Enquirer: 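Sharing a structure, written as structure tokens. Questions coming.
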Amino acid sequence: MEINKTILDSNYETIEDGIKAVAMPNSNLFVDPYSNESVDNAPFFYEDVTGDFVLKARVSHDFVATYDACVLLAYDNERLWAKACFEYTDYGTHSVVSVMTNGRSDDANSVDIEGNEVWLQLARRGNVFGIHYSIDGKEYRMARLANLPMGETIKVGLVAQSPLGEGGDRYFRDIELKRISLKNIRNGNE
């Protein structure tokens, strides 16, 4: 995957096996389900993708502040997107978290992960989006499945967020973007 665009200016660098992106202080992408207030100020490195795809990356960070995260994102517009996160939760855990936004955001914690690294995967098949995770980068398990009415061509890529914190480094390694359709989007394995 060649990341060559960003919505916001941000510091990032290409490292041997991926990208190190810097989350800015108080950066996030979220539409509050109560107030309908939108925050859209997190660095987003993306490619335009038409049709079905699978994006995966081995992600890690230091888990300093609540909601710090490495994110894989499928983005149609500021009110229609799917976010797969490896996040420091408000329970003090390192968790695979998903946020689906269709007007307003929801927020769902999935499985807790031991350590600071996990493989995340975000896949599209039609208007169905699957979020998967893997400990070894080989066998994936479903964290979330949702239908979102996105356009045929959307922005797909990486986000570095720190909603309540001072920011920090987010690592995305072994990034792979394939323009394929998963046979079983629930399963998440090709």
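None of these values were measured; they are calculated from a predicted model. We use all heavy atoms of the structure for the numbers below, so side chains are in, but hydrogens, waters and symmetry mates are not. The first residue of the sequence shown is numbered 1, and numbering continues consecutively from there.
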Enquirer: Report the distance from atom CZ of Arg170 to atom OG of Ser27, rounding to the nearest 0.5 Å.
Expert: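 Arg170 atom CZ to Ser27 atom OG measures 7.0 Å (nearest 0.5 Å).
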Enquirer: So which heavy atom on Ala143 is nearest to which on Tyr133, and how close?
Expert: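 Shortest heavy-atom separation between Ala143 and Tyr133 comes out as CB-CD2, 4.3 Å.
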Enquirer: Determine whether a donor-acceptor pair (N or O, by modelled atom type, separation under 3.5 Å) exists between the side chain of Ser105 and the backbone of Val31.
Expert: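 Yes, Ser105 side chain to Val31 backbone: donor-acceptor pair under 3.5 Å.
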Enquirer: Check the surroundings of atom CD in Glu114: do more than 12 heavy atoms from other residues, nucleotides or ligands lie under 6.0 Å from it?
Expert: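 Open.
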Enquirer: Kindly indicate whether the side chain of Leu182, heavy atoms from C-beta on, has any atom under 4.5 Å from the side chain of Asn189.
Expert: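 Answer no - side chains too far apart.
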Enquirer: Mind checking what makes side chain to side chain donor-acceptor pair (under 3.5 Å) contact with Arg186, not counting sequence neighbours?
Expert: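 Arg186: no side chain to side chain donor-acceptor pair (under 3.5 Å) contacts found.
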Enquirer: If you measure only the distance, is there a donor-acceptor pair under 3.5 Å linking the side chains of Ser162 and Asp68?
Expert: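 Yes - a donor-acceptor pair under 3.5 Å links their side chains.
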Enquirer: Is there a path of hydrophobic side-chain contacts, each under 4.5 Å between heavy atoms, that joins Phe86 and Leu177?
Expert: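 Phe86 clusters together with Leu177.
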Enquirer: I'd like to know if the side chain of Asn36 pairs up with that of Arg79 as donor and acceptor (distance under 3.5 Å, no hydrogens or angles considered).
Expert: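 Short answer, yes.
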Enquirer: Atom CG of residue position Asp62 - does it have more than 12 heavy atoms of other residues, nucleotides or ligands inside 6.0 Å?
Expert: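 It does not: Asp62 CG has 12 such atoms or fewer within range.
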Enquirer: Suppose we screen for ring-ring contact (aromatic ring centres under 6.0 Å, His included). Which residues come up paired with Tyr67, at least two apart in sequence or across chains?
Expert: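 Not a single residue meets the ring-ring contact (aromatic ring centres under 6.0 Å, His included) criterion with Tyr67.
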Enquirer: Which heavy atom in Ile131 sits nearest to a heavy atom in Ser98, and how many Å separate them?
Expert: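 Closest pair (atom of Ile131, atom of Ser98, distance): CD1-CB, 3.4 Å.
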Enquirer: Ring-plane angle category for Tyr140 and Trp119, please: parallel below 30°, perpendicular beyond 60°, tilted otherwise.
Expert: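 The rings of Tyr140 and Trp119 stand perpendicular, inter-plane angle above 60°.
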Enquirer: Within a 6.0 Å radius of atom CZ on Arg173, are there more than 12 heavy atoms belonging to other residues, nucleotides or ligands?
Expert: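 Enclosed: over 12 neighbouring heavy atoms sit under 6.0 Å from CZ of Arg173.
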Enquirer: Check whether any side-chain heavy atom of Leu158 lies under 4.5 Å from a side-chain heavy atom of Val71, and answer yes or no.
Expert: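 Counting from C-beta outward, Leu158 and Val71 never come under 4.5 Å.
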